[in-house]
Amino acid sequence: MARATPLQASLLIQPAPHVHAREASLDRMLGMSLIAVSVPTVAAIVRYGAPAVGVLAAAIAGALIAEALCCLARGERLTSRAWMASLLTGILLGLTLPPSMPLWMVVVGGVVAVGLGKHVFGGLGQNIFNPALVGHVFLLASFAATVSAGWAGQQPVLALARQGEVVPDHLPLLWQGGPGPLGAASPLATYAAAVLMLGWRLGRWMAPAGFFVGSAVLAMALGWDPVFHWLVGLAPLTVAFFVHDPVTTPVGAGGQLLFGVGVGLLTVLLRIYGSYVEGAAFAVLVMNALTPLINRMSVAWSRRRLQALREARPLKVSTQAQWARDLRSVLVLVVVTAVSGALLATFYQAMSPIIASRQQARAIEVGLKGILPEAASFEQVAEVDGTPIYEARDATGRPLGLALFVDAQGYGGPIRLAVGIDMEAQRLIGVRVVEQSETPGLGSRITEEAFLAQFEGKSMDDPFMPGEDIQAISGATISTMGVADGVYAAIEMAREAWEGR
Amino acid sequence: MVRMKGGAPALAVAAAETLQAPSSRLVITGRQGPSACGPVRVKRGDRVHAGQVLFGPEPGEDGAGLVPVHSPVSGKVVDVQPAPGPDGEMVPAVTVEVDELGERVEPLARPWEPTQPGQWPAAELRRFLRTAGVDGAACPGQGPLYERLEQGLDGGVLVVNAVGCEPGLPSEMLVAGAYPQAALLGAAALGRAAGASRVLVAVHRGGPADEALTRALAEQAELRTGSMPVEIVRLADVDWFWVPVLLAREALAAAGIRRRGGRSGEPSPPMMVESAATAVAAGEALLEGWPVTERLVTVSEQGRLRAVRVPIGTPVASLLQGHGEQETSETPVLVLVGGPLQGACVPDLQVPVTKSVSAITAMPPAMHFRPEAACIRCGRCVEACPVGLLPLYIARAAAAGQMAEARALGARECLECGACTVLCPSYRPLLQWIRLAKYGRARRPGNGGDL
């Protein structure tokens, strides 16, 4: 371009576009994410109190220290967006941890999250893996038991489920999550944050939808309740935040859907077969690693579309009014939800016998194997009053005795017992409490080995009376009586089954 | 599709203003639109009449492909030497000092009925429009008008954009709304000249142009039913990035002309987009037998819109009400030919208006720009792109000097609407990188530059 006449000093020359959308700003995106993450944060603090505050503060401190040190080392300016990004990472890391974490560990986790998770790759926008989850997994690898710990002597709800024990219903779990990470203190609050993230366009619906579908399909195929998987552990946090991290998730709609499906499948797979209790963190990190590949697929799809464009095949453009488009997308969403709901329901219906038999198999595995560790198989031989009676055999096929579950009435509710009986010797092999809700410290002592040991080898003809042949737990007479009555009832049923052969 | 804050312009079309303080000196350049104009026909000291040819072939001469430029006024040629055009590039120019005599040349010959372009032979109509200096482009970068018209539509569809090219800058809507009769007549003429089977005038449903054009069409039975019928297509949602090609696709779909993907078998009809300003110019030339020497310019100053009709060659400065003093002020200001999304900066307020200047925007520079940050791969640009490109990857390839890769990813398919760049939360100059790949050469040898 030839030089024009002398330019006026006040006239600016710059290439178009000359405006920038006010709402498109990194600082704004980070600020709104922080507002969204405050919802589950408040829920965690309300539920766990000071320990939650401590863990969150330690995680934030670790993250901010690492941010400051890394920026200093790399000679970068500490911008507001750097602080905000690290603050978000810190809070998210804190939410992945249980309230019982020792604070020094959490600080280390925060430093690792921002230092190893982000800055070694070159800072904001350059990292491959979600920084908060890098910190989480570092802590998990280093202090597995501490990170997987529960709260107030209870195991995390995921661990309970895996041991085949009965877990709370969906609604109580939604309102107040089982023991586990701070981010599941109230899954409802975390899902509220997920809605905020979608509403503020900080994420799109594809990845969460993919997560729900992927996790549901695999959970049901493996005989698990899918809704349970959505409510526990890191699942709510993953749906709300980790699948929306722009840096480590795919750019296109198709890619995001794929990402979500992958996270859902891997989460359930790792939860059921993995060596750690929770698999969601690994699932997200694995999909993070696959994200560059998914983005390459998006590039390939784009090239195909371009080929169509170059061959003058026009793109489809909608001509409807915006409200009609909005209505249409709502309708599509409703239809998709209804259809997938119906599909899921049908699938669930078809799967429920399998789910039931698998749950039973798991209960046998956990409950009856506890009494008869040498047993290789449990085969149902009879049913008395709706209670299945199993015959245990060892690896050589030699019968070891009968085994069954009975429900007895305790002080705080039903007590579920597993009872093993050697019918040849007319003696009890052993008793285990599978499930109980007795008073902690009193009635709950029925689960202790010292109490249960007295049943081993007892004759079937004993009276099973607390104070006579049963050593009662002081202060828990009703619980003791419940167990004794339950064992007695089990013996009656076994006898009936034995005679009926 | 991206939606921008601001919404569709709901202004009524005020009667087009005429300039309060017309300039006494016009600088008429030898590049008024996408077409070539031809050699200068006057010399310094000549007296010229209004309507006299300044550049290009005289009426009656052939001058294939050249679109003449006519003097809007009678006066004296005081200078014939290159001057900066609206974009600052030096082009041949004739400076005319306006006199009071008001002498005019003879009107142009119209051998067929001017109000029924359908009766004209297409070649004669093209020749007439070219002789009258009708020129224009539907979007930046489009080629000469008569190349498009002569190539012909072969029974296809001509879409006339009477909406606008940017959200909030309804220049085409204002032109069509101010001169509805000329717009319809010109649309029919362009359709006839291009051999179209249907002519669609796309308007914003319920907008001012819709009203004016509907009334005008109701009054002109021969345009509704003649051999070159004109239809008005009402589009509901124009509150987003308007790219004329996309507008045309929507207009076709709204008119029930299916344009489906190639795989489904049905071939798409050929399609052409022209702007309402070009149609108005053609219509006025037919109605009055007078060459194109004036232009209705939409002026946007501090968010206020005006439509001002000025002779070509008028300096941009005289269109702006509040910016005469800006020349000495230290406050930086952007003066754009076009709108804030796609407009080009004016380097000097004395540059002249040409036939293809649809709008002048004067605005303070946007203050919320921030220094560019790293791409966080949020995918907003992917969501925004009307063509379905992946702007982040094209820009990345271009920045790495991999121009062949950038083009394979669609740099040349980019319509330069600017949506990606406007919406990038990291303030990355995506469009600038894409333009580099679209037009530029490979920066380093051996990395796949294919120019």
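What you see below is based on every heavy atom in this structure, not just the backbone, and it leaves out hydrogens, waters and symmetry mates. Since the structure is predicted, the reported quantities are computational estimates derived from the model, not experimental observations. In the text below, chain A, chain B and the rest are named by the order of the sequence lines, each starting its count at 1.
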(request) Evaluate salt bridge (charged side-chain N to carboxylate O under 4.0 Å, His left out) for B/E405 paired with A/R303, printing each intermediate quantity in order. (result) CA-CA 11 Å; B/E405 169 68 8; A/R303 280 170 183 255; 3.0 Å; yes
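- Two residues are said to be in side-chain contact when any heavy atoms from C-beta on lie closer than 4.5 Å; A/P17 and B/Q342 fail this criterion.
- Judged purely by atom type and a 3.5 angstrom limit, A/H18 uses its side chain to pair as donor or acceptor with the backbone of B/G343.
- Note on B/V91, B/T361, B/I376: by heavy-atom pairs under 4.5 Å with chain A, the leading option is B/I376.
- Summarising the local packing, CZ of B/R377 is surrounded by more than 12 heavy atoms from other residues, nucleotides or ligands at distances under 6.0 Å.
- Counting heavy-atom pairs closer than 4.5 Å to chain A, the top-ranked of the candidates B/V351, B/V346, B/L334, B/V382 is B/L334.
- Here the side chain of A/H20 pairs a donor or acceptor atom with the backbone of B/C424 at under 3.5 angstrom.
- Put simply, CG on B/D348 and CG on A/L11 are 7.5 Å apart, with the number rounded to the nearest 0.5 Å.
- For the side chain to side chain contact (heavy atoms under 4.5 Å, CB included) test, residues two or more places apart in sequence or in another chain that qualify with A/W200 are A/M32, A/I35, A/A36, A/L196, A/L202.
- Heavy-atom neighbours of chain B within the stretch residues 241-250 of chain A, taken at a separation under 4.5 angstrom, comprise A/P246, A/V247, A/T249.
- Within the 4.5 angstrom heavy-atom criterion, atoms from both the backbone and the side chain of B/L409 approach chain A.
- A pairwise comparison of heavy atoms in A/M29 and B/C378 identifies CE-CB, 4.3 Å as the closest pair.
- Taking all atoms of both residues into account, the shortest heavy-atom contact from B/R380 to A/R201 is NH2-O, 2.8 Å.
- B/R234 meets the side chain to side chain donor-acceptor pair (under 3.5 Å) test with B/D210, B/T214; sequence neighbours excluded.
- Between A/A16 and B/Q432, the closest heavy-atom pair is O-NE2, 3.8 Å.
- With contacts defined as side-chain heavy-atom distances shorter than 4.5 Å, the pair B/Y427/A/S25 qualifies.
- Contact count versus chain A (heavy atoms, under 4.5 Å) is highest, among B/C345, B/G379, B/A344, B/A408, for B/C345.
- Taking 4.5 Å as the heavy-atom cut-off, the residues of residues 112-134 of chain A that approach chain B are A/L124, A/G125, A/Q126, A/N127, ordered by number.
- Atoms CG and CG, from A/L306 and B/L390 in turn, are 8.5 Å apart once rounded to the nearest 0.5 Å.
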